[in-house]
A.B. asks: 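Take this structure first; my questions come after.
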Amino acid sequence: EGEITFYIDGRIITRTAGGTAFIPRGAAHCFKNTSRQMARVLVMFTPGQIEGFFEFGEPFVDGTAPTEEMIVGRMNALAPAYGLEVLGPSPL
């Protein structure tokens with residue numbers, strides 16, 4: 001659903017529902033919903049075992065969403081445990 005814009009190693013592409021984007025291992029990348037509607041993304045990784053990294057976006061116990069600054073802080077804290085490096089800020 002929706003529309004997602006991807007930054008993949010210096011290239012910006014946009015995909016709509018049903019579209020795909022391939023990110024080679026080690027490529028600098030990010031993605032963002034740049035539309036005004038809700039969007040869903042199915043992400044597959046190889047190798048696996050990286051699911052815990054995505055806890056950076058979890059809402060607080062009261063259901064409120066973290067600020068963008070808090071999300072970046074969470075990403076930086078979790079990244080080393082998964083062999084990742086946060087390059088930021090996002091070009092999107």
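The basis for the numbers below is simple: all heavy atoms, side chains too, and nothing from hydrogens, waters or symmetry mates.
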A.B. asks: Identify whether Phe54 and Val72 are in the same connected component of the hydrophobic contact network (ILVMFWY, side-chain heavy atoms under 4.5 Å).
C.D. replies: no
A.B. asks: Can you name the nearest heavy-atom pair linking His29 to Ala27, along with the distance?
C.D. replies: ND1-O, 2.8 Å
A.B. asks: Check for me, please, whether Ile12 and Ile23 land in the same ILVMFWY cluster - side-chain distances under 4.5 Å, paths through other members count.
C.D. replies: no
A.B. asks: With a cut-off of 6.0 Å (strictly less than), are more than 12 heavy atoms of other residues, nucleotides or ligands near CZ of Phe31?
C.D. replies: no
A.B. asks: Taking all heavy atoms of Cys30 and all of Pro91, pick out the closest pair and write down the distance.
C.D. replies: SG-CD, 3.7 Å
A.B. asks: So which heavy atom on Leu92 is nearest to which on Thr5, and how close?
C.D. replies: CD1-O, 3.4 Å
A.B. asks: For the residue pair Phe56 and Pro66, what are the closest heavy atoms and their distance?
C.D. replies: O-CG, 4.5 Å
A.B. asks: How many angstroms lie between atom CD of Glu58 and atom CD1 of Ile71, to the nearest 0.5 angstrom?
C.D. replies: 10.5 Å
A.B. asks: Are Val43 and Leu78 linked, directly or through other ILVMFWY residues, by side chains that come within less than 4.5 angstrom of each other?
C.D. replies: yes
A.B. asks: Nearest 0.5 Å, please: how far is OH in Tyr7 from NZ in Lys32?
C.D. replies: 14.5 Å
A.B. asks: Let me check something: do Met75 and Leu84 share a hydrophobic cluster, defined by ILVMFWY side-chain heavy atoms less than 4.5 Å apart, either directly or through other members?
C.D. replies: yes
A.B. asks: Can you name the closest pair of heavy atoms from Glu3 and Thr16 and give their distance?
C.D. replies: OE1-CG2, 3.8 Å
A.B. asks: Tell me if the centroids of the rings in Tyr82 and Phe45 come within less than 6.0 Å of each other.
C.D. replies: no
A.B. asks: Can you see which heavy atom on Arg15 is nearest to which on Thr20, and at what distance?
C.D. replies: NE-O, 2.8 Å
